[in-house]
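See structure below.
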Number of protein chains: 2
Amino acid sequence: MATIKDVAKSAGVSIATVSRVLNGSANVKQATRDAIQRTIQELNYMPNALARGLQKKQSKTIGVLFPDATSYYFAEIIRGINTCIQQAGYRIVVSSAHDAADEANVFLSLWKSQQVSGMIVMMPSTHNATIFNSTQRSIPLILLNTAITDGADITITIDNYQGAKEITKHLIEHGHQAIGFIHGAPNNHDSEERYRGYQDALNEGNLTRSSHLEFHGNFTENSGYRAVISLLNQSEKPTAIFAANDAMAIGAVEAARQLSLQVPQDIAIVGFDDISTARYINPPLTTMNVPVLEIGEMAGNHLIRLLEDNRQVVTREITVPVHLVVRESCGCPKEK
Amino acid sequence: MATIKDVAKSAGVSIATVSRVLNGSANVKQATRDAIQRTIQELNYMPNALARGLQKKQSKTIGVLFPDATSYYFAEIIRGINTCIQQAGYRIVVSSAHDAADEANVFLSLWKSQQVSGMIVMMPSTHNATIFNSTQRSIPLILLNTAITDGADITITIDNYQGAKEITKHLIEHGHQAIGFIHGAPNNHDSEERYRGYQDALNEGNLTRSSHLEFHGNFTENSGYRAVISLLNQSEKPTAIFAANDAMAIGAVEAARQLSLQVPQDIAIVGFDDISTARYINPPLTTMNVPVLEIGEMAGNHLIRLLEDNRQVVTREITVPVHLVVRESCGCPKEK
DNA sequence: TTGAAAGCGCTAACAG
DNA sequence: CTGTTAGCGCTTTCAA
């Protein structure tokens, strides 16, 4: 593999000069520059990013850290990040973490060992608020969907609360009084916020909350399924159910079918996320649309800005609005 | 950020000794080793992977290169790769490429600049067979879903041909004589192989092929939709359609609905991939299941083996079997 | 406008 | 068992 030395020798100049044209320094005679560029072509030379990174103390890579379970978001967010970041000359290093402890390790290794220039971390668990202490951190950090509100330069969060409130209100407006909620995974920030929105909507609608309207799930289809099956043993049944995500809503619809409950006539079911499957199930799912790709792009763009504009330290919290998509599973006429 | 020097100084030894314990060399007195390890803890020291990579001439990262359009596969494959690779101490660098030319660039930059230890490339376009010339390549390469059969150490390909043949035969066995085919993107290897399987199934079933049974799509739902809409103007209509992927099949089902054609009674529709949505559409889609996660794991495992076992140069072509999932869109009773 | 030289943090002979 | 030293390929003063 050709190195800068080879280029220098072959072009009859010093490595310093080669380095200058590599880095676009102005102080090189045009003729020299041309000659060097030609030699670079001939030798198929490409600078070694490791050596460069070692010297410059920055790797031009950005670390992306995800929870282990593949969330529906994963691919789209990566794609969103990649679009902006790649053209700015950065590369993505992806890692996943099993749990909070593991996450801390991966974070540290990405930062200290891999020398990433910046990080985008998605960690909706509410367990690990202490990891990202900004006092000891020297690289920009963007947190996605997290409960942690400080320590990051920027946090980008879905407006779970408003979204949940809105979709619950939609149910209320259309006459539902007994509205159930299926929780997502425990200690998950998204789930908790959606629950908060649900509660407040009930309160504002003067509906009483009740523990047998609440079901515990973990964001999987199967857990949504089981939640609705458990209704069998209940005397007092909800007329509508808001599942904390679409996967569970889909499981719930499936369970309803097996219990011979008509959706939405016997029971309305709504979700959150607007995953691609949502519009195809029967009946098509009413849900809150989350602009996932845009979140990725936003994260990428902001990180690049942080990196290139010398890291202005304005901590910012961005809340991404979601919007209601009324389909048929709620039994309401489209209006919005 | 603490360096090896800091550790050495703080522990009262030379950097060579620190390096030895870092790399698990046997020739260090236990007491010294302990002291150094303690210092490492204290200083929160982690070795700089850039410096190490520069010296060792290998970065312990593996490059993953994907086409630009997010295929359904993307996330799952990454996840599959990541599981095995991460525990072997490697990291993934993901990149995407718009087209063949861009791909060559990204490939080169990953290899020469980023100094990746190995690569996994997914590039189903049949246009760029020359890029990965093994004579000039010095790192192991695994190609996924590709037309290119040499130049890589290992290729992992879905058994598109057999799968397509099987699902077409399934249609034939259940009485269909006029079976349409919706092509995927032009010059796409998967699409071409599926087409080949379709053709051979027709031939073996003594069915005549006809150009007005073929429709041109690009793997998007919309293109499947348009294909079926175009049937309107045809006098001779197929009784069944095999779409080269599920997305197009879903679009086709949608179009059929709009044309008031019953699926499967008026027209049977089947796909390929078994994406998660397939079982939820109405009617549930009969399709070929592709074990995507497994493919990723396989790629990761093989690459690690190539990397750690000193790169035995046995070129291998792995074909991943797919299996028929009979649901309702084909109108056939479940049997398999 | 160019070159010489120091050094980024680490590993790997080579000596001792 | 441990230390000294020479680089890995690059950027960046400092001189010329």
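The structure presented is a predicted model; accordingly, all values stated were derived computationally and were not measured. Per chain, numbering begins at 1; letters A, B, ... match sequence-line order.
Under 4.0 angstrom from either OP1 or OP2 of D:dT2 there lies no side-chain N or O belonging to B:S14. Phosphate contact (OP1/OP2 of D:dT2, side-chain N/O of B:T32, threshold under 4.0 Å): present.
Rounded to whole Å, the distance from NZ on A:K60 to P on D:dT11 is 12 Å. Following rounding to the nearest Å, B:Q30 (CD) and D:dT2 (P) show an atom-to-atom distance of 11 Å. Summarising the geometry, the separation between CG on A:D6 and P on D:dG9 is reported as 8 Å, rounded to the nearest angstrom. To the nearest angstrom, C1' of D:dC14 lies 14 Å from CG of A:N27.
Remark: the backbone N or O of A:D190 is paired with a side-chain donor or acceptor of A:N188 at under 3.5 angstrom. For B:S191 (side chain) and B:N187 (main-chain N/O), no donor-acceptor pair under 3.5 Å exists by modelled atom type. B:S25 places no side-chain N or O within 3.5 Å of a backbone atom of B:R20 that could act as its donor or acceptor partner. Checking side-chain atoms of B:S113 against main-chain N and O of A:P47 turns up a donor-acceptor pair under 3.5 Å.
The residue among A:T17 and B:V28 whose nearest nucleotide of DNA chain D lies closer to the 5′ end is B:V28.
Counting only N and O atoms by type, the side chains of B:N145 and B:T157 include no donor and acceptor under 3.5 Å apart. For the 3.5 Å distance criterion, the side chains of B:N301 and B:E297 fail to qualify, holding no donor opposite an acceptor.
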Protein heavy-atom contacts under 4.0 Å, written 5' to 3' over nucleotides 9-16 of chain C as B (base), S (sugar-phosphate only) or - (none), form the string BBBBBB--
